[in-house]
There are 2 protein chains.
Amino acid sequence: MSKQISSVWTREPRPARTPGRSREEIVRATLDLLDTEGLDGLSMRKLGARLGSGATTIYWYVENKDELLELAYNEVWGEIVLPDPEEPGWREAVSAFAHSMRAAMLRHPWVGSLIGRLPALGPNALSLADRLRKAFTLAGFKGLDIDYANAALTAYVFGMVIPEIAWEASMGGEELDQESMNETFQKVAKDFPDLLERVVEVNAKISDTDALRETSFAFGLATMLDGLEARLRA
Amino acid sequence: MSKQISSVWTREPRPARTPGRSREEIVRATLDLLDTEGLDGLSMRKLGARLGSGATTIYWYVENKDELLELAYNEVWGEIVLPDPEEPGWREAVSAFAHSMRAAMLRHPWVGSLIGRLPALGPNALSLADRLRKAFTLAGFKGLDIDYANAALTAYVFGMVIPEIAWEASMGGEELDQESMNETFQKVAKDFPDLLERVVEVNAKISDTDALRETSFAFGLATMLDGLEARLRA
DNA sequence: GCGCCTCTCGCACACCGTGCGAGAGGTTTT
DNA sequence: AAAACCTCTCGCACGGTGTGCGAGAGGCGC
């Protein structure tokens with residue numbers, strides 16, 4: 001047996017004898033804590049308290065905190081849906097997948113800080129990759145192109161949503177009114193008049209920043225899908 | 001004065017009297033430490049030691065650790081080049097930009113964990129956004145489409161590279177030979193025979209994983225650029 | 001009753017970010 | 001010359017963190 005990637009998914013879990021506590025229960029509590037208090041709010045002691053147990057009890061079910069995060073991460077992947085590509089056509093299916101992925105990430109903003117640290121090797125991530133592969137196969141991609149298309153699409157979603165999360169986080173949960181927004185930008189971008197002018201202009205025209213972000217997301221998604229379709233015809 | 005986003009870039013820095021230590025020197029040391037020991041390896045005490053000072057001295061130049069990270073983050077953006085789009089054509093310029101961005105991120109893998117936490121409001125990021133806007137304007141995009149194209153392209157790069165970083169990190173710096181790789185996947189993906197078969201097959205065919213990743217990156221990039229060009233013609 | 005195996009958890013260690021306040025050293029004002 | 005002040009350094013301490021260790025509780029087979 002050679003060297004392995006260290007991950008919850010590469011070692012045998014402790015044989016579940018279904019006692020009082022279970023790994024499943026712990027993961028659920030972890031998700032709760034992450035969603036309400038964020039990545040920094042998750043500590044073994046707090047998690048123990050929430051479970052009505054000592055902090056170190058958790059280490060019976062899980063090797064370390066990173067494994068816990070891998071398990072929580074896996075749950076998020078489980079929330080992403082990919083419609084059957086046979087029915088509405090691959091483009092619609094894949095597009096729905098992208099939107100669902102974005103929604104799941106925004107529901108659990110702490111994933112934004114995990115994607116660069118933990119590989120997605122959990123069963124939910126793999127299952128999704130498997131189904132996405134099928135969709136692209138059905139679309140007509142062949143050989144490695146299937147995997148490339150796979151990677152490109154998920155990359156786009158990742159890349160759009162992760163900065164969205166950062167942006168949201170930096171506002172500390174409070175909605176920023178337009179005036180504050182412009183003021184911030186005036187301070188920050190004072191050496192880039194073109195950029196500044198654009199931002200102020202856009203802010204004046206479009207007040208709903210959520211809608212703007214969705215539009216931007218849809219634009220890039222359509223662009224990516226157009227590109228994929230073009231590659232299909234080539 | 002209304003509420004602002006809290007960031008190094010939205011508050012006045014301490015007036016530089018160019019004494020012994022400077023913010024610049026601190027940022028350089030921070031980068032060093034981050035590059036050699038990673039995000040977890042950076043602590044105020046270690047940084048102080050490297051600067052030959054007490055840990056809390058740093059707090060004279062910087063409000064808190066996050067500000068330090070923002071400054072380091074900004075430096076990475078400064079390493080990204082965008083060729084003049086007038087000369088080789090916008091597509092080549094933008095493509096070179098994407099590759100340069102990827103290279104900078106891989107040189108400083110710790111950015112992978114920051115992108116989801118800190119907004120890129122530093123002058124280097126803004127300057128790059130400004131120049132990228134010019135490139136897309138030159139390409140023929142109009143109005144909001146310029147910004148959408150901007151976001152889509154950088155999102156793609158982010159999304160490709162961030163998981164690359166995670167992957168690299170999870171191998172703990174050691175190169176994994178092919179056998180271990182397959183073994184890992186056999187364990188992890190045993191419920192997804194199609195996926196598993198593909199991975200083993202690909203691994204057998206392509207031994208150089210770096211080259212594979214570059215090819216995958218180039219594929220998605222070309223796809224995105226094709227999509228953008230299509231949108232330009234519409 | 002005895003041993004064993006599964007599970008809990010208090011304690012302790014080394015580390016973290018950072019608030020505070022004492023002071024050093026230089027410059028400016030009186 | 002002396003006093004006041006301003007910039008900068010940093011030791012100490014506080015309340016956290018992840019987690020190794022070892023003592024023990026509870027149930028189950030002999």
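We name chains A, B, ... by the order of the sequence lines, and we start the count at 1 in each one. Worth saying up front: this structure is predicted, and the values here are computed from it rather than measured.
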### Query
Rounded to the Å, how far apart are B:Leu47 CG and C:dC16 P?
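Going from B:Leu47 (CG) to C:dC16 (P), I get 11 Å.
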### Query
For A:Ile26 and C:dT8, what is the distance between atoms CD1 and C1' respectively, to the nearest whole Å?
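Nearest whole value for this atom pair: 12 Å.
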### Message
If you compare all heavy atoms of A:Leu144 against all heavy atoms of B:Arg198, which two are closest, and at what distance to 0.1 Å?
### Response
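Answer, listing the atom of A:Leu144 first, then B:Arg198: N-NH2, 3.6 Å.
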#### Entry: Heavy-atom closest contact (A:Ala129 atom, A:Asn150 atom, distance)
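Nearest heavy atoms, A:Ala129 then A:Asn150: O-ND2, 3.7 Å.
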### Message
Check this one for me: any side-chain N or O of B:Tyr61 less than 4.0 Å away from OP1 or OP2 of D:dC8?
### Response
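Looking at the OP1 and OP2 atoms of D:dC8, neither is under 4.0 Å from any side-chain N or O of B:Tyr61.
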### Message
Please determine whether a side-chain nitrogen or oxygen atom of B:Trp60 lies at a distance below 4.0 Å from atom OP1 or OP2 of D:dC8.
### Response
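Yes, because at least one side-chain N or O of B:Trp60 sits under 4.0 Å from OP1 or OP2 of D:dC8.
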### Task
Using a strict cut-off of less than 4.0 Å between a Lys/Arg side-chain nitrogen and an Asp/Glu carboxylate oxygen, indicate whether A:Arg133 and A:Asp130 qualify as a salt bridge.
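Result for this pair is no, no salt bridge flagged.
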#### Entry: Short N-O contact, A:Lys187 and A:Glu183, less than 4.0 angstrom
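No, A:Lys187 and A:Glu183 are not salt-bridged.
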Can you name the atoms? Protein N/O to nucleotides 14-24 of chain D N/O, anything below 3.5 Å, with the distance.
unit_1 : atom_1 : unit_2  : atom_2 : d
D:dT17 : OP1    : A:Ser43 : OG     : 2.9
D:dG18 : OP1    : A:Lys65 : NZ     : 2.7
D:dG18 : OP2    : A:Met44 : N      : 3.0
D:dG18 : N7     : A:Arg45 : NH2    : 2.6
D:dG18 : O6     : A:Arg45 : NH2    : 2.9
D:dT19 : OP2    : A:Tyr59 : OH     : 2.8
D:dT19 : OP2    : A:Lys65 : N      : 2.8
D:dT19 : O5'    : A:Tyr59 : OH     : 3.3

### Query
How many angstroms lie between CG in B:Leu106 and CZ in B:Arg213, if you round to the nearest 0.5 Å?
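The CG atom of B:Leu106 sits 8.0 Å away from the CZ atom of B:Arg213.
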### Message
Over all strands shown, is B:Ser53 touching base, sugar-phosphate only, or nothing at heavy-atom distances under 4.0 angstrom?
### Response
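Sugar-phosphate, no base atom in range.
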### Task
Indicate the ring-plane relationship of B:Phe219 and A:Tyr148, choosing parallel, tilted or perpendicular according to the 30° and 60° boundaries.
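B:Phe219 and A:Tyr148: tilted rings.
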